[in-house]
Q: 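Provided herewith is a single structure, encoded as structure tokens, for subsequent inquiry.
To find a chain, count down the sequence lines: A is the first, B the second, and so on, and within it residues start at 1. What's counted below: heavy atoms across the whole structure, side chains too, no hydrogens, waters or symmetry copies.
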Amino acid sequence: MLVKSMIIDIHAHPSRDRKALRSMLEAARKAGIDKVCLLPIRGRSFERYFYTNEEMKNLVKEYSDWVIGFSAGSCIDPNGAEDLEKAVRDYGLKGVKIHEERNWVLKGLLGCHGLLRKAGELGVPVIIHSWHEEEGLPPGSEKYVGLQGRFPVHIISEVARKCPDTILIFAHMGGNWEKALQAAKPHENVYFDTCGFDPIIGVVERAVEVLGPERILFGSDAPGRSFVAQLSKIQYADISERDRRLILGENAMRILGLR
Amino acid sequence: MIVDMNAFLGRWPFWKLRYQGVKNLLKLMDRAKIDKAVVSSLDSVFFINYEEGNMDVADACRLHPDRLIPFAVINPNFPLWMDHLEVCVEEYGARGIKLHPDYHKYSLLSEEAAELMRKAKKMKLPVFIQTSIMDMRHHPGYCLVVEASILEVASVIKRYSENTFIIGGAKHFGSRVLELLGQVSGCKNFYIETSGIGGPFDCIERLVESIGSSKLLLGTRMPLLYPESAKLMVEKAEIDEEDKEKILGGNASNLLSI
């Protein structure tokens, strides 16, 4: 069941508390993870995970064997594309993370902000936070599922269509995975990461059935989640060993241009 | 001995379970090297007549008495629940009570709940309060189920100091546990079941440091979740072997006298 091959965590967050960050990276190593992609986040509630591009470059230099650095992008900032180009060309960062911001969905994603197209030109992936949406939720439900975090899955297909040359990785299996997988099916540039939700039996299996193993990437969402628990979703999924290796690390190596 | 305090038999209404039924549950247990499991009914959560699920769990446990231990789901909103509880204990061999106040829509502070706690105390049965089974966001839009209030759970623990409680949950349960612990310091009559503790990355270490390993019970919520996930979180935690042994089965063995 357990496969020995390169394991790359496509989705973890760098704490600004350096001692906590070190502990997290050591825990990742102990769990068998070879490299961790550190995704800084922009946004008001996430200062504890924000790093500038220069800071990320220095972090990658400090932990060169362990980490792969991403840029914290904004798809509503008019300088987003320019910042990304600098992040990749000058600072050597390997991708960009987009998280929730005010009006990000309508203005940024659906408007196919320049940052998304720039990522395609540069050949780096965009990881997009995507969490739950269910149309027709009863009144008052936003108190529990959160209005800001709602992510209607039709966005997946619309953005994929508008930015066909960009690798788009929707985090957390797109939220409502059954609908997200179907929305993504026709779009070869859409991928999902497996991070953040409970280790529910059948989700990874379903993703492989619908999309094939090449478009699924292991992620943990650490430090908020356990590496061991998140890895178990792939290590114990009822899939072939080849599929397991692809999801655990080979897909990430291909997308990130690693050897 | 490894004991899982929270496994299920029955159906999940929102997607097909890949490991459904008692044979598949035992298959998962064997694969994860889990010796015994406390089992309750998912059908009892969703069926109008919840008693039917308890009957099915009893049948399964009778066939595998060395592996499966029944807990009875009780819905104190349903008429004659007390009679059914007695049947569950005397005829079905239930060793504890399982409560789902979120789906069954009652307050843990209601008069019926109070009567249930008194009965549980008299019958010397631990009461497992499941504040939620699955993140409410993994439910379809027609079925938004708000998790049970952790503050009500805290009140119940404090109010019924001679009862024994096991507390389990799903969405953000780690945060709920911290909230709970802030309310019940000094109380000794509760355990935390671990299947809902999904993070942070060092959550087991932090919990052991905070409340000690004697208060933790391994739970997996199989076959909804991979059982290896919760088990490995304990086995790979940076805690003493003695603490691991307690969480993985020692505490459950003492609690249930197995």
Q: Quick one: which of B:Gly199, B:Ala237, B:Ser229 has the most heavy-atom pairs under 4.5 Å with chain A, could you say?
A: B:Ser229
Q: Mark yes when over 12 heavy atoms from residues, nucleotides or ligands other than B:Glu242 sit less than 6.0 Å from its CD; otherwise mark no.
A: no
Q: Could you tell me the separation between the NZ atom of A:Lys233 and the CD atom of B:Glu228, rounded to the nearest 0.5 Å?
A: 14.5 Å
Q: Supply the atom-to-atom distance A:Ser232 OG to B:Lys231 NZ, rounded to the nearest 0.5 angstrom.
A: 12.0 Å
Q: Non-hydrogen atoms of chain B under 4.5 Å away: do they reach the side chain of A:Ala20, the backbone, both or neither?
A: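 For A:Ala20, the backbone is the part near chain B, not the side chain.
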Q: If you count heavy atoms of other groups shown closer than 6.0 angstrom to NZ of A:Lys185, is the number above 12?
A: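 Open.
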Q: Classify the ring geometry between A:Phe197 and B:His138 as parallel (under 30°), tilted (30 to 60°) or perpendicular (over 60°).
A: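 Perpendicular, since the angle between the ring planes exceeds 60°.
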Q: Does a salt bridge link B:Arg18 with A:Glu209, judged by any charged N lying under 4.0 Å from a carboxylate O?
A: yes
Q: Relative to chain B, which segment of A:Ser220 carries a heavy atom at a distance below 4.5 Å: side chain, backbone, both, or neither?
A: neither
Q: For B:Ile48, is the CD1 atom crowded, meaning more than 12 foreign heavy atoms sit under 6.0 Å from it?
A: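 Count not over threshold, so no.
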Q: Is there a side-chain contact between A:Asn176 and B:Arg137 in this structure, where contact means two heavy atoms from C-beta onward sitting under 4.5 Å apart?
A: no
Q: Which atoms form the tightest heavy-atom contact between B:Met233 and A:Val228, and what is the distance?
A: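 So the minimum-distance heavy-atom pair works out to N-CG1, 3.7 Å.
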Q: Measure distances from B:Met222 to the heavy atoms of chain A and classify the residue's part below 4.5 Å as side chain, backbone, both or neither.
A: neither
Q: Could you grab the distance from atom NZ of A:Lys30 to atom CZ of B:Phe201, nearest 0.5 Å is fine?
A: 9.5 Å
Q: Flag the pair B:Leu28 / A:Ile201 as yes when at least one side-chain heavy-atom distance between them is below 4.5 Å, and no otherwise.
A: yes
Q: Could you please spell out the steps behind the side-chain contact (heavy atoms from CB on, under 4.5 Å) verdict for A:Gln235 and B:Tyr226?
A: CA-CA 10 Å; A:Gln235 289 172 326; B:Tyr226 296 100; over 6 Å; no
Q: Taking atom NZ of B:Lys105 as the centre, does the number of heavy atoms from other residues, nucleotides or ligands within less than 6.0 Å exceed 12?
A: yes
Q: Would you mind checking which part of B:Leu232 comes under 4.5 Å of any heavy atom in chain A, side chain (CB onward), backbone (N, CA, C, O), both or neither?
A: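 Both parts, backbone and side chain.
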Q: Given that the side chain runs from C-beta out, which part of B:Glu235 has a heavy atom under 4.5 Å from chain A: side chain, backbone, both or neither?
A: neither
Q: Does the side chain of B:Trp15 reach to within under 4.5 Å of the side chain of A:Ile200, using non-hydrogen atoms?
A: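 The answer is yes, as the side chains (C-beta and beyond) meet within the 4.5 Å cut-off.
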Q: Could you look at B:Ile204 and say if it's the side chain, the backbone, both or neither that has a heavy atom under 4.5 Å from chain A?
A: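 Looking at B:Ile204, nothing touches chain A.
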